[in-house]
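First the structure, in the form of structure tokens, and then the observations on it.
In what follows, chains are A, B, ... by sequence order, proteins preceding strands, each numbered from 1.
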There are 2 protein chains.
Amino acid sequence: MSSGSDQQDIKRDKILDAAYQRFLHYGYSKTTMNEIAGDLSLSKALLYYYFPDKSQLYIDVMRKLAGEYIETLESKLNQFDNLKEAFISQIDAQHDFIVKNYNFFDFFRVNEQNLPDTIWEIITEIHQTELTLLSAAIKIEADKGNIKPVANPIEVVDLLLDALHGVRVSAVSHKKVMFPKKEHLDEIHSKRLMLLDIFVKGLMY
Amino acid sequence: MSSGSDQQDIKRDKILDAAYQRFLHYGYSKTTMNEIAGDLSLSKALLYYYFPDKSQLYIDVMRKLAGEYIETLESKLNQFDNLKEAFISQIDAQHDFIVKNYNFFDFFRVNEQNLPDTIWEIITEIHQTELTLLSAAIKIEADKGNIKPVANPIEVVDLLLDALHGVRVSAVSHKKVMFPKKEHLDEIHSKRLMLLDIFVKGLMY
DNA sequence: AACTGACTATTTAAACAAAATTATCAATAA
DNA sequence: TTATTGATAATTTTGTTTAAATAGTCAGTT
């Protein structure tokens, strides 16, 4: 896949890690290439040897995070007792992902409207994975006869994910803030479970 | 309620109308008090005789719009054939309200985080009305035996409204824009109906 | 009480310089 | 040839000043 040497890949990865820490703690715009280089006792110029520019560095960190998220999601959704549990796994995984990397995503808030296409591709890939895994779960449960046959499982999953997203958005917009604080998270979580409960019942006979 | 004379109220209302037109066509920040006064062939100073400042004028227009919205909602939800139809009425009413006054709400986008408390009160009032009317509908249907008894109807309605909101938010965030365009509206609408369908089934026996 | 013209106060916009930061590159060491 | 750097160029952000636009006030008129 990558054409560089092992050594090169290792260093590349170290840079990614250092960059991640900075982005996570200070956000995109408040971390400089100098600081990242400094953390590794390297010259800034070397960063440009490994990465074409700052935004590409950020995107590659993002890509790495997304890959890890997708991995945990796949391992979690490999086995489940019932449909509801499968969805709960997804809810929890996504929740942890967002909480853990909260500050990292300030790039998204700042660039709001015009995120680079590459970022959108990553977001789409994550979403696609969620759709695939969860719709597979629906199919399995439908085959077992635990729920009604579903004509278009992907569409249904898409709908549920949108709805769950709404619980988060509404919870914070009522509180006059854009992103949820710690104390809201429990509320969001329990609301989601309640919604999930009704939704799954709506899929049953 | 108001302590002014009839004449005063009529003029006040004319100002509100003129202001509404300006806000609707050009948004809050791009309409000046001079222009509003000019439209009515009045002096700017007179506007300050009727309203303490520009933002209060905007808020009072908003209050008027909200009142009208609540009225249509109440009349629509006065009678309904089944629960699903009641919710559809709400969805449609809200949809029309937002589409019609799309530009008027640019004030919300600009001031995003720190909307005045008064605006939040109006939003809360609207939300409260929706909760009251729709939870009443749920109670009626439950009493009729058309759906399962619901322990806390308000909570359930709140949840559904959040979920429906999510359909709108997600639909646009996938499209890389903040507010839905005409061509997305049909998609949102049909997704909402689908969600509503599953949700209502989840409330049945 | 309803209204205005002329005024002041505040906010926004433009222009510009200074500072910070990104990005490049010729030179050097491994 | 690959990895690395210091010095430097290019660009973006930040701060400052000034001018213009707009909000808001008020003494005085109808």
Side-chain angles (χ1 to χ4, degrees), chain A residues 2-19 21-23 25-61 106-107 109-116 118, chain B residues 2-23 25-62 106-107 109-116 118:
Chain A
S2 182
S3 55
S5 68
D6 280 1
Q7 276 306 316
Q8 205 170 28
D9 286 348
I10 289 169
K11 174 136 292 183
R12 223 187 97 95
D13 225 56
K14 277 186 181 169
I15 295 173
L16 286 175
D17 285 346
Q21 289 304 327
R22 282 280 169 186
F23 290 144
H25 290 315
Y26 306 101
Y28 180 78
S29 54
K30 282 184 183 167
T31 76
T32 69
M33 294 297 265
N34 253 323
E35 288 165 344
I36 296 170
D39 290 346
L40 296 163
S41 307
L42 298 174
S43 76
K44 178 182 54 176
L46 191 65
L47 299 186
Y48 287 94
Y49 178 77
Y50 286 95
F51 299 91
D53 56 31
K54 188 184 173 187
S55 72
Q56 193 54 51
L57 173 55
Y58 179 89
I59 288 166
D60 284 349
V61 174
D106 91 320
F107 181 83
R109 283 160 238 158
V110 174
N111 293 47
E112 193 127 5
Q113 302 303 72
N114 43 308
L115 289 174
T118 338
Chain B
S2 180
S3 56
S5 68
D6 281 3
Q7 277 305 315
Q8 206 172 26
D9 287 349
I10 289 170
K11 174 137 292 182
R12 225 187 96 96
D13 224 57
K14 277 186 180 169
I15 295 174
L16 286 175
D17 286 346
Y20 171 63
Q21 289 304 329
R22 281 280 170 186
F23 290 142
H25 290 314
Y26 306 102
Y28 180 78
S29 54
K30 282 184 184 167
T31 77
T32 68
M33 294 298 265
N34 254 323
E35 288 165 344
I36 296 171
D39 289 346
L40 296 162
S41 305
L42 299 173
S43 74
K44 177 182 57 173
L46 191 63
L47 300 185
Y48 288 94
Y49 179 76
Y50 285 94
F51 299 91
D53 57 30
K54 189 184 173 186
S55 72
Q56 193 55 50
L57 173 56
Y58 179 88
I59 288 167
D60 284 348
V61 174
M62 175 75 204
D106 90 319
F107 180 84
R109 283 160 239 159
V110 174
N111 292 46
E112 194 128 4
Q113 301 304 73
N114 43 309
L115 289 175
T118 339

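Residue A:Tyr50 is in sugar-phosphate contact alone, with no base atom involved, counting any heavy-atom pair closer than 4.0 Å across all strands shown. Note on B:Thr31: only backbone sugar-phosphate atoms sit closer than 4.0 angstrom, heavy atoms only; bases stay farther off. Using a 4.0 Å heavy-atom cutoff across all strands shown, B:Lys44 reaches at least one base atom of the nucleic acid.
Between B:Ile36 atom CD1 and D:dT22 atom P the separation is 12 Å, expressed in whole Å. B:Asn34 has its CG atom 18 Å from the P atom of D:dA20, to the nearest Å. Atoms CZ (A:Arg12) and P (D:dA3) sit 13 Å apart, rounded to a whole Å. For B:Lys54 and D:dG24, the NZ to P distance is 8 Å, given to the nearest whole Å. Atom pair B:Met33:CE and D:dT22:C1' shows a separation of 10 Å (rounding to whole Å applied).
Comparing B:Tyr28 and B:Ala45, the nucleotide of DNA chain D nearest to each residue sits closer to the 5' end for B:Tyr28.
Of the inter-residue distances, the one linking B:Ile10 atom CD1 with B:Asp13 atom CG reads 8.5 Å to the nearest 0.5 angstrom. The CZ atom of B:Phe51 sits 9.5 Å away from the CD1 atom of B:Ile36 when rounded to the nearest 0.5 Å. Here B:His25 contributes atom NE2 and B:Thr31 contributes atom OG1; the two are 11.5 Å apart, rounded to the nearest 0.5 Å. We find the NZ-OH distance between B:Lys11 and B:Tyr49 to be 10.5 Å, quoted to the nearest 0.5 Å. Atom OH of B:Tyr50 and atom NZ of B:Lys14 lie 10.0 Å apart (nearest 0.5 Å). From A:Ile15, atom CD1 reaches atom CG of A:Asp39 across 11.5 Å, with rounding to the nearest 0.5 Å.
OP1 and OP2 of D:dT25 both lie 4.0 Å or more from every side-chain N or O belonging to B:Tyr49.
Distance from the side chain of A:Ser43 is smallest to D:dG6 among D:dA3, D:dG24, D:dG6.
From the 5' end on, the contacts that DNA chain C makes with chain A at under 4.0 Å to a non-hydrogen atom open and close at C:dT21 to C:dC25.
Taking the six-membered ring where the residue is Trp, the centroids of A:Phe107 and A:Phe23 are separated by 6.0 Å or more.
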